Peer 1: 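One structure, as structure tokens, below. Some questions next.
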Amino acid sequence: MERILKEKIRETLKVLYNSDVPEDLIQIQETRKDFRGDFTLVVFPLLRYSKNTPEKTGENIGSHIASTFPAVSGFNVVKGFLNLEISDEWWMDYFRKIASESDLLQRCQVKSPEVILVEYSSPNTNKPLHLGHIRNNLLGFSLFRILSACGHKVIKTNIVNDRGIHICKSMLAWQKYGNGETPASSGMKGDHLVGKYYVIFEKELKLQSGELMAKGIAEEDARNSAPLMKDAREMLLKWEAGNKEVMDLWKMMNSWVYAGFDETYRKLGVDFDKIYYESETYKIGRDLVLTALDKHILYRNTDSSIWADLDAEGLDQKLLLRSDGTAVYMTQDLGTAVLRHEEYGFNRCLYVVGNEQNYHFQVLKALLKKMGYDWSDGLFHFSYGMVELPEGRMKSREGIIVDADDLISEMITTARDVSQELGKLSDFAEAEKDEIFRKIGLGALKYFILKVDPKKNMTFNPSESIDFNGNTGPFIQYTYARIKSVFRKADQTGIRSDTGDYTGIKAGEKEIALIRLLRKFTDTVSEAANNYSPALVANYCYELSKEYNQFYHDFSILGEPDPARRSFRLDLSKVTSAILYSGMNLLGIEMPERM
RNA sequence: GGUUCCGUAGCUCAGUUGGAUAGAGCAACAGCCUUCUAAGCUGUGGGUCGCGAGUUCGACUCUCGCCGGAAUCACCA
């Protein structure tokens with residue numbers, strides 16, 4: 001409609017002022033609630049063509065449009081704003097059209113679909129997932145759904161950071177203090193058990209370095225020269241050399257962690273098409289580095305460590321292989337990127353990684369470019385903000401974290417408590433109720449995370465927990481469940497929505513308002529894809545739910561005596577529920593039929 | 001110190017390529033269930049959009065400078 005209006009206005013300007021006005025000067029926006037009308041033309045930019053006052057210009061354009069374009073039923077001018085009213089017939093026609101489409105997302109299809117790789121999650125195998133990872137996983141998975149909805153071929157990948165000094169830390173601690181403890185013997189989830197030893201390592205290290213610091217050694221030196229740290233470095237060397245004992249320990253502990261991760265992923269409802277392991281890709285990276293060294297793209301320091309000079313790119317020097325020959329984080333990321341491009345030939349590769357690594361990805365992109373991989377232009381760091389606690393950021397090393405598994409089960413428990421308090425679902429079987437509480441608890445959690453602009457840091461206050469009223473997932477789920485309930489009742493009483501024809505009925509203002517909002521769904525999804533922002537979809541679903549709830553409150557649907565009007569309202573409800581379902585699905589949020 | 005990001009109601013967050021009187025929720029207070037699910041709806045109070053300039057017909061939005069916060073600049077990941 002905006003496009004048609006723009007064209008009509010252009011024609012009008014040609015007739016009235018005999019001038020060809022560039023399109024970007026014709027600014028159409030939705031009319032604000034406080035004014036009458038549907039779309040508003042900002043006339044200020046047009047004054048140089050009309051050579052008239054804003055009011056007069058608006059009047060002239062308005063009356064010309066209204067008399068030549070039947071869809072415009074009226075207009076008014078406030079200051080420099082021309083508010084155009086679209087006829088109810090147009091809205092009704094539009095609504096009938098979308099009501100007959102089985103999948104509105106078809107409207108979001110892009111002209112040229114791309115192969116897009118989305119990397120998300122990227123856990124370390126030395127500790128369990130926490131709230132920060134939840135944000136990462138939800139964002140990554142939602143981006144996958146949104147981009148797929150627009151017709152792209154999206155591949156979900158995960159890179160598991162399963163090697164490196166930090167992994168050796170928990171291995172070493174387990175070796176020294178574990179007494180052979182296993183998930184089976186302790187009853188602990190594997191990732192939690194390994195995480196426990198990571199914390200123990202840090203605790204013991206702190207003791208050792210504390211002793212050294214008491215002798216006057218600086219903190220950093222103390223940490224590095226503590227015996228435990230030396231042992232960890234030695235273990236990494238052994239690992240890279242393929243020492244059997246170390247490898248066996250590594251494999252065993254990693255398998256514990258993977259079992260734990262799988263369970264958390266399953267609960268969160270996320271999955272992957274392809275999982276990469278740093279333990280495999282770092283070698284590719286190392287070879288790349290050595291090849292680039294031969295080509296003099298990189299240089300070797302006197303201590304035989306290998307570096308990239310990115311001065312020209314404004315990015316300083318970057319270490320790529322340590323003096324002892326072991327790889328760093330960047331090394332494996334180079335290898336992973338090249339491997340992925342070989343395997344998928346992607347157009348775009350999105351890295352869902354926290355904004356603390358902005359610099360890392362600038363360097364990665366520049367390095368690949370320097371090495372001659374022009375496709376590195378397609379790499380995009382989807383940089384999201386940190387989840388902080390009221391006291392500041394979470395600290396895995398000290399165990400000050402909001403654990404993912406704990407939080408998920410707390411949410412489900414809360415959903416149960418709230419439901420019970422409200423006296424709902426009392427006639428349901430336990431298994432059915434469990435399933436509903438799971439959907440609601442996770443819906444609350446996921447929505448809480450996804451409604452926030454991904455770029456921004458966000459605060460999570462554990463003591464306040466997550467709400468179930470207002471701008472929340474359960475609110476939207478509730479709206480959906482209400483609509484489903486209406487349809488169940490309609491079935492029982494033999495009233496069907498598809499039997500009636502509502503041509504010619506006059507819709508109320510609230511009903512038109514609902515249609516206007518329904519219309520925004522597909523644009524919102526496209527915008528969310530372009531801006532990589534699930535939050536836009538989340539906030540849209542909330543807005544729609546609010547609007548529908550007002551409609552639901554003000555009007556009777558099944559109690560409406562006029563059959564045409566009744567079917568219209570049923571159709572409005574049907575399209576609303578379909579959009580809510582579809583929109584929330586893009587966020588990875590499931591909808592309960594009852595709650 | 002360099003670079004990047006952030007600062008909107010008591011709290012958590014929206015706010016489109018610069019457009020009209022800056023919006024929601026939570027919390028507080030006051031109403032609405034004999035009627036399709038009250039996890040809902042309606043209303044009241046609450047703002048120097050960090051501060052100050054500049055550009056513009058018009059700035060929460062763009063530019064510059066301050067103030068405050070965060071991240072990063074590792075032979076950590």
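The basis for the numbers below is simple: all heavy atoms, side chains too, and nothing from hydrogens, waters or symmetry mates. So that the names make sense, note that chain A is the first sequence line, chain B the second, and so on, each numbered from 1. The model shown is predicted, which means the values in this text are computed figures rather than measured ones.
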Peer 1: Taking only N and O in the side chain of Lys424(A), is any of them less than 4.0 Å away from OP1 or OP2 of A39(B)?
Peer 2: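 Yes, Lys424(A) has a side-chain N/O under 4.0 Å of OP1/OP2 on A39(B).
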
Peer 1: For the pair made of CG in Leu236(A) and C1' in C76(B), what is the distance, rounded to whole Å?
Peer 2: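 About 12 Å, once rounded to whole Å.
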
Peer 1: Give a yes/no on whether any side-chain N or O of Arg32(A) is located under 4.0 angstrom from OP1 or OP2 of G19(B).
Peer 2: no

Peer 1: How is Ser556(A) classified with respect to the nucleic acid when contacts are heavy atoms under 4.0 Å: base, sugar-phosphate, or nothing?
Peer 2: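 Base contact.
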
Peer 1: For A14(B), take OP1 and OP2 only and decide whether either is under 4.0 Å from a side-chain N or O of Lys456(A).
Peer 2: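 It does, given that an N or O in the side chain of Lys456(A) lies less than 4.0 Å from OP1 or OP2 of A14(B).
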
Peer 1: Is the closest basic N to carboxylate O distance between Arg516(A) and Glu547(A) below 4.0 Å?
Peer 2: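 Not counted as a salt bridge, because no side-chain N and carboxylate O are separated by less than 4.0 Å.
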
Peer 1: Please tabulate the protein-to-nucleotide N/O contacts below 3.5 Å involving nucleotides 57-64 of chain B, giving atom names and distances.
Peer 2:
none

Peer 1: When you measure from the centre of the six-membered ring of Tyr198(A), is the NZ or CZ of Lys127(A) closer than 6.0 Å and no more than 45° off the axis?
Peer 2: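 Output yes; distance and angle both within limits.
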
Peer 1: Given pairs defined as Watson-Crick or G-U wobble with both distances under 3.5 Å, what dot-bracket annotation applies to RNA chain B, with ( ) intrastrand, [ ] crossing, | other strand and . unpaired?
Peer 2: (((((((..((((.....[...)))).(((((.......))))).....(((((..]....))))))))))))....

Peer 1: Any side-chain N or O of Lys79(A) below 4.0 angstrom from OP1/OP2 of U21(B)?
Peer 2: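 Looking at the OP1 and OP2 atoms of U21(B), one of them is under 4.0 Å from a side-chain N or O of Lys79(A).
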
Peer 1: Name the residue closer to the 5' end of RNA chain B, choosing between Gly559(A) and Glu278(A) according to the nucleotide with the nearest heavy atom.
Peer 2: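 Comparing both residues, the 5'-ward one is Gly559(A).
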
Peer 1: Establish, yes or no, whether the cationic atom of Arg594(A) lies under 6.0 Å from the six-membered ring centre of Phe428(A) and within 45° of the ring axis.
Peer 2: no

Peer 1: How would you label the contact of Ser383(A) with the nucleic acid (heavy atoms, under 4.0 Å): base, sugar-phosphate, or nothing?
Peer 2: nothing

Peer 1: Output yes when a side-chain donor or acceptor of Arg322(A) lies under 3.5 Å from a complementary backbone atom of Ala327(A), and no otherwise.
Peer 2: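 Yes, Arg322(A) side chain to Ala327(A) backbone: donor-acceptor pair under 3.5 Å.
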
Peer 1: Over all strands shown, is Arg393(A) touching base, sugar-phosphate only, or nothing at heavy-atom distances under 4.0 angstrom?
Peer 2: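 Here Arg393(A) touches the backbone only, sparing every base.
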
Peer 1: Considering only side-chain heavy atoms of Ser485(A), which listed nucleotide, C36(B), C73(B), A20(B), is closest?
Peer 2: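 Per side-chain heavy atoms of Ser485(A), the pick is C36(B).
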
Peer 1: Does Phe81(A) lie flat on the base of G19(B), that is, centres under 5.5 Å apart and planes under 30° off?
Peer 2: no

Peer 1: Per the atom types in the model, does the base of A77(B) pair as donor or acceptor with the side chain of Asp333(A) at under 3.5 Å?
Peer 2: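 No such pair is found, so the answer is no.
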
Peer 1: Roughly how far, to the nearest 0.5 Å, is the OH atom of Tyr540(A) from the NZ atom of Lys520(A)?
Peer 2: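 Rounded to the nearest 0.5 Å, the NZ-OH separation comes out at 8.0 Å.
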
Peer 1: Under 4.0 Å between a side-chain N or O of Gln550(A) and OP1 or OP2 of U42(B)?
Peer 2: yes

Peer 1: Using a 4.0 Å heavy-atom cut-off, does Tyr542(A) contact any base of the nucleic acid, only the sugar-phosphate backbone, or nothing at all?
Peer 2: sugar-phosphate

Peer 1: Any base atoms under 4.0 Å from Tyr480(A), or only sugar-phosphate, or nothing? Heavy atoms, all strands.
Peer 2: nothing

Peer 1: Looking across every strand, which nucleic acid part, if any, lies under 4.0 Å from Asp453(A) by heavy atom: base, sugar-phosphate, or nothing?
Peer 2: sugar-phosphate

Peer 1: Could you tell me whether Gln362(A) contacts a base, only the sugar-phosphate backbone, or nothing, with contacts defined as non-hydrogen atoms closer than 4.0 Å?
Peer 2: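 Nothing: the residue Gln362(A), judged by heavy atoms under 4.0 Å, touches no strand.
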
Peer 1: Decide, for C33(B), between syn and anti: a glycosidic angle within 90° of 0 counts as syn, anything else as anti.
Peer 2: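 Because its glycosidic torsion lies within 90° of 0, C33(B) adopts the syn conformation.
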
Peer 1: Report the nucleotide, chosen from A24(B), C13(B), C76(B), that has the shortest atom-to-atom distance to any side-chain atom of Thr459(A).
Peer 2: C13(B)

Peer 1: Please list residues of residues 467-479 of chain A whose heavy atoms come under 4.0 Å from any atom in RNA chain B, ordered by number; otherwise none.
Peer 2: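 Result for residues 467-479 of chain A: Asp467(A), Phe468(A), Asn469(A), Gly470(A), Asn471(A), Phe475(A), Tyr478(A), sorted by number.
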
Peer 1: Quick one: are the ring centres of Tyr351(A) and Phe382(A) less than 6.0 Å apart?
Peer 2: no

Peer 1: Touch check for Val78(A), heavy atoms < 4.0 angstrom, all strands: base, sugar-phosphate only, or nothing?
Peer 2: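 Base, at least one base atom sits under 4.0 Å.
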
Peer 1: Assign each of Asn549(A) and Phe460(A) to its nearest nucleotide of RNA chain B by heavy atoms, then name whichever residue's nucleotide is nearer the 5' end.
Peer 2: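 That would be Phe460(A).
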
Peer 1: Counting only side-chain N and O atoms of Arg223(A), is one of them less than 4.0 Å from OP1 or OP2 of C76(B)?
Peer 2: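 No, no such contact exists.
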
Peer 1: Quick one: Asn539(A) CG to G23(B) P, roughly how many Å, whole number?
Peer 2: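 After rounding, the reported distance stands at 16 Å.
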
Peer 1: If I take atom CE in residue Met595(A) and atom P in nucleotide A39(B), what distance separates them, rounded to the nearest angstrom?
Peer 2: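 Distance check: Met595(A) CE to A39(B) P gives 8 Å.
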
